[in-house]
Amino acid sequence: MVAPPDNDVLWARGLHYAYQGSPALLGVSLGVRDGEILGIVGPRGSGKTTLLKCMSGQLTPEQGEVWFNSAPVHTLPAGARERLRRDRFGWVGSSPELVPELTARENAALPLLLCGIPHRSARDTAQEWLDRLDVGDCARRRPAELHQAQRQRVAVARALVSLPEVLFADDPTAPLHRPDAAQVLRTLTTAARTHRITVLLATSDPEVVAFTDRAVGLVDGVRSASLPKGPQPEGASCPASA
Ligand SMILES: Nc1ncnc2c1ncn2[C@@H]1O[C@H](COP(=O)(O)OP(=O)(O)OP(=O)(O)O)[C@@H](O)[C@H]1O
C-alpha cells in the first residue's frame with residue numbers, strides 16, 4: 001500500500017465494486033482536499049452512491065484502497081469503520097430517513113446525543129440548525145406530520161449538527177423543488193465553508209456544480225473528465241446564516 005498525498009483528506013485508488021456480479025465501480029480513483037466541496041456528477045445508475053458508500057466505509061471495495069487522513073479505511077474492521085462513520089463523518093441521502101417516533105428536533109440532535117453531548121445542549125444546537133434550514137417551527141413535530149421537503153431539511157440539519165470532518169451528501173436535494181434545493185444547498189455549502197467541512201456532493205443535476213469548488217464526472221462506474229464550474233444559479237451566492 002502506498003500512502004496518499006498529504007494534502008488529500010480522503011483518497012481512493014482503483015475502486016472496484018459489483019452487486020451480485022453486476023459492476024457498479026470499475027477502477028475509480030479520487031482525491032479530496034481538506035475543506036473542499038467536491039461534486040460527483042453523473043446520470044442515474046452511474047455509481048455515485050456506491051462510490052460514496054465505499055469512501056465512507058459503508059461498503060468495502062472488492063479491489064482498491066480508501067484512505068482518510070493518511071490512514072487506510074478499506075482494511076479497518078467493521079467496528080472501527082462504524083466508529084469512524086459515527087464520530088468523523090456525516091451522511092445525508094436523497095430521502096430523509098428520520099426516526100418516526102422522534103420529533104424533528106430530537107432527530108436533528110441524535111448525532112450529538114450519540115456522542116454523549118448533554119441533552120439540553122444537544123437540543124439547543126439542533127434547534128439552531130433547524131432554524132438555519134428554515135424548519136425551526138417544525139421542531140416539535142414528528143416526521144409523519146411534515147412535508148417531504150421539511151423532512152429533508154431536518155435530515156440536512158442532522159447531518160451538519162455535529163460538524164463532521166467529512167459530509168457525504170448523496171443527491172440531498174433530489175426531493176426538493178428548485179428554489180428549495182438552492183436554499184438548502186446554500187445553507188449546506190456555507191456551513192461547510194464556515195466550519196471547514198469537506199463535502200462529497202453527488203448529484204445528477206449539472207447545475208449543482210455551481211455550488212462546488214470542483215466537480216468530477218462519473219459514467220457507468222468510470223470517472224469521466226472534470227467538469228467546468230458553470231455560473232451560479234440565481235441567488236446561489238447569497239450567504240446563509242451558518
Ligand atoms: N443494492 C443493489 N443491488 C443491486 N444492484 C445495485 C444496488 N445498488 C445499486 N445497484 C446498481 O449499481 C449501479 C450503480 O448504482 P448507484 O446507486 O451507485 O448509482 P447512482 O449514480 O448513485 O444512481 P442514482 O442516481 O439512481 O442513485 C446501478 O446499475 C444500480 O442499478
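Values in this document were obtained by computation on a predicted structure and should not be read as measured data. Numbering starts at 1 and runs along the sequence shown. Indexing begins at 1, ligand by ligand and atom by atom, following the structure's order.
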Can you name the atoms of ligand 1, numbered from 1 with element, that are less than 4.0 Å from a heavy atom of [X]?
{"X": "Thr49", "value": "17 (O), 18 (O), 20 (P), 22 (O), 27 (O)"}
{"X": "Ser46", "value": "19 (O), 20 (P), 21 (O)"}
{"X": "Gly45", "value": "13 (C), 14 (C), 19 (O), 20 (P), 21 (O), 23 (O), 24 (P), 26 (O), 28 (C), 29 (O)"}
{"X": "Pro43", "value": "21 (O)"}
{"X": "Ala24", "value": "12 (O), 13 (C), 14 (C)"}

- Proximity to ligand 1 by part of Ser204, non-hydrogen separation under 4.0 Å: neither

Starting from [atom], what is the nearest protein heavy atom, named by residue and atom, and what distance separates them?
{"atom": "atom 18 (O) of ligand 1", "result": "Thr50 OG1, 2.5 Å"}
{"atom": "atom 11 (C) of ligand 1", "result": "Tyr19 CD1, 3.9 Å"}
{"atom": "atom 26 (O) of ligand 1", "result": "Arg44 NE, 2.9 Å"}

- When rounded to the nearest 0.5 angstrom, what is the spacing between CG in Leu185 and CZ in Phe211?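 Output value for this atom pair is 5.0 Å.
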
- Task: Would you give the length of the straight line joining atom CG of Asp220 to atom CG of Leu25, rounded to the nearest 0.5 angstrom?
- Result: 11.5 Å

Side-chain donor-acceptor pair under 3.5 Å between [X] and [Y], yes or no?
{"X": "Arg153", "Y": "Gln183", "answer": "yes"}
{"X": "Asp170", "Y": "Ser94", "answer": "no"}
{"X": "Tyr17", "Y": "Thr60", "answer": "no"}
{"X": "Glu65", "Y": "Trp67", "answer": "yes"}

Say whether [X], considering both its backbone and side-chain N or O atoms, lies within less than 3.5 Å of an N or O atom on ligand 1.
{"X": "Lys48", "result": "yes"}
{"X": "Gly47", "result": "yes"}
{"X": "Asp170", "result": "no"}

- Message: Under 4.0 Å from atom 7 (C) of ligand 1, can you find at least one protein heavy atom?
- Response: yes

- Message: My understanding is that only residues two or more places apart in sequence, or in another chain, count here; which of them pass side-chain contact (heavy atoms from CB on, under 4.5 Å) with Arg140?
- Response: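 Checked Arg140 against side-chain contact (heavy atoms from CB on, under 4.5 Å); matches are Arg105.
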
- Note on the structure: Contacts of Gln148 meeting side-chain hydrogen bond (donor to acceptor under 3.5 Å, both in side chains) (sequence neighbours excluded), chain-then-number -> Arg151

- Message: If you define the side chain from C-beta out and look only at heavy atoms, does anything of Leu84 sit under 4.5 Å from Val73?
- Response: yes

- Query: Does some non-hydrogen atom of Ser94 fall short of 4.0 Å from ligand 1?
  - Reply: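 No, Ser94 has no heavy atoms under 4.0 Å from ligand 1.
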
